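Okay, so here's the structure we're looking at.
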Amino acid sequence: MSKPIAHFSRRYRFSASHRLHAPALSDEQNRETYGKCNNPHGHGHNYWLEVTVAGPIDPQTGFVVDLPKLDALVQADVLNRFDHTHLNQDPTFSGDFVPSTENLALEVERILRRDIPGLTSHEDLRLVNLRIEETRNNSFDLSGADLESMHREASR
Ligand SMILES: Nc1nc2c(c(=O)[nH]1)N=C([C@H](O)[C@H](O)COP(=O)(O)OP(=O)(O)OP(=O)(O)O)CN2
Ligand SMILES: [Zn+2]
């Protein structure tokens with residue numbers, strides 16, 4: 001019989017600044033589109049990142065994932081890269097890829113999709129939801145079917 005699958009979520013905190021500005025738009029269009037977030041001086045957020053993985057529960061440990069290993073991965077690949085940085089200066093966001101929270105979620109997903117299967121020996125561990133909360137009111141999810149179709153596209 002196959003092992004029961006469970007979802008496990010873990011939250012992380014990081015702080016970063018950004019300016020929402022699309023190089024392809026005029027200054028006026030940028031102001032119209034992004035309003036106060038287009039201020040040339042930028043502004044900061046204390047982001048929450050929530051990572052949800054799914055996989056078989058190991059009958060010996062009772063765990064879906066080894067937490068210190070997941071923490072070390074997120075720390076090394078995501079938090080060390082973005083915490084206390086200006087996102088517009090990150091190479092990913094230095095061109096046309098605006099550092100909106102949607103695009104930040106896409107970049108974090110790209111990194112974690114690559115590295116999460118390596119956390120277990122069976123490689124059945126999958127990233128099934130990624131949430132970034134930018135403010136108390138704004139949050140962005142990449143989830144379920146959307147992630148699956150992104151994975152299929154990427155592996156073509
Ligand atoms: N679709 C998106 N819209 C907006 C994004 C985004 O990433 N995707 N980001 C922003 C800003 O970065 C902005 O700083 C958020 O500001 P605001 O909407 O004013 O924030 P809140 O009202 O939720 O919170 P306060 O801290 O009370 O200002 C804007 N839009
Ligand atoms: Zn902002």
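Just so it is clear, the model here is predicted, and its values are computed rather than measured. One-based numbering, in listed order, for ligands and for the atoms of each.
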Once rounded to the nearest 0.5 Å, what's the spacing between atom [atom1] of [X] and atom [atom2] of [Y]?
| X | Y | atom1 | atom2 | result |
| --- | --- | --- | --- | --- |
| Glu133 | Arg13 | CD | CZ | 8.5 Å |
| Gln75 | Asp77 | CD | CG | 10.0 Å |
| Thr52 | Arg11 | OG1 | CZ | 10.0 Å |
| Phe14 | Trp48 | CZ | CH2 | 11.5 Å |
| Phe97 | Thr92 | CZ | OG1 | 7.5 Å |

(request) Would you check whether Arg136 has a nitrogen or oxygen atom less than 3.5 angstrom from a nitrogen or oxygen atom of ligand 1? (result) no

(request) Give yes or no for whether the N/O distance cutoff of 3.5 Å, strictly under, is met between Thr101 and ligand 1. (result) yes

(request) Quick one: look up the protein heavy atom nearest atom 10 (C) of ligand 1 and list residue, atom name and how far away it is. (result) Glu134 OE1, 3.6 Å

(request) List the closest protein heavy-atom neighbour of atom 28 (O) of ligand 1: residue, atom name, distance to the nearest 0.1 Å. (result) Lys36 NZ, 3.8 Å

What atoms of ligand 1 come within less than 4.0 Å of a heavy atom belonging to [X]?
| X | answer |
| --- | --- |
| Ser100 | 7 (O) |
| Asn137 | 21 (P), 22 (O), 23 (O), 24 (O) |
| Phe140 | 6 (C), 7 (O), 8 (N) |

(message) Side chains of Ser17 and His86: any donor to acceptor distance under 3.5 Å?
(response) yes

(message) Do Asn39 and Tyr34 pair up side chain to side chain, a donor and an acceptor below 3.5 Å, judged on atom types alone?
(response) no

(message) Could you check, using the six-membered ring where one of them is a Trp, whether His18 and His43 have ring centers closer than 6.0 angstrom?
(response) yes

Please indicate, with yes or no, if any protein heavy atom is found under 4.0 Å from [atom]?
| atom | value |
| --- | --- |
| atom 30 (N) of ligand 1 | no |
| atom 19 (O) of ligand 1 | yes |
| atom 3 (N) of ligand 1 | no |

(request) Mind checking whether Thr135 contacts ligand 1 via backbone (N, CA, C, O), side chain (CB onward), both or neither, at a 4.0 Å heavy-atom cut-off? (result) side chain

(message) Side chain, backbone, both or neither: which applies to Cys37 and ligand 1 if a contact is any heavy-atom pair less than 4.0 Å apart?
(response) side chain

(request) Take the Zn ion (ligand 2) and tell me which protein N, O or S atoms are nearer than 2.8 Å. (result) His18 NE2, His43 NE2, His45 NE2

(request) Heavy atoms only: give me the nearest Asn138-Thr135 pair and the separation to one decimal. (result) N-OG1, 3.0 Å

(request) Could you tell me which non-hydrogen atom of Ile5 sits nearest to which non-hydrogen atom of Pro56, and how far apart they are? (result) CD1-N, 3.7 Å

(request) Output yes when Arg31 and Glu28 qualify as a salt bridge under the 4.0 Å nitrogen-oxygen rule, no when they do not. (result) no

(request) Taking only Lys NZ, Arg NE, NH1 and NH2, and the carboxylate oxygens of Asp or Glu, determine whether Glu107 and Arg81 approach each other closer than 4.0 Å. (result) yes

(message) Measuring from atom 8 (N) of ligand 1, which candidate in Glu102, His18, His43 has the nearest non-hydrogen atom?
(response) Glu102

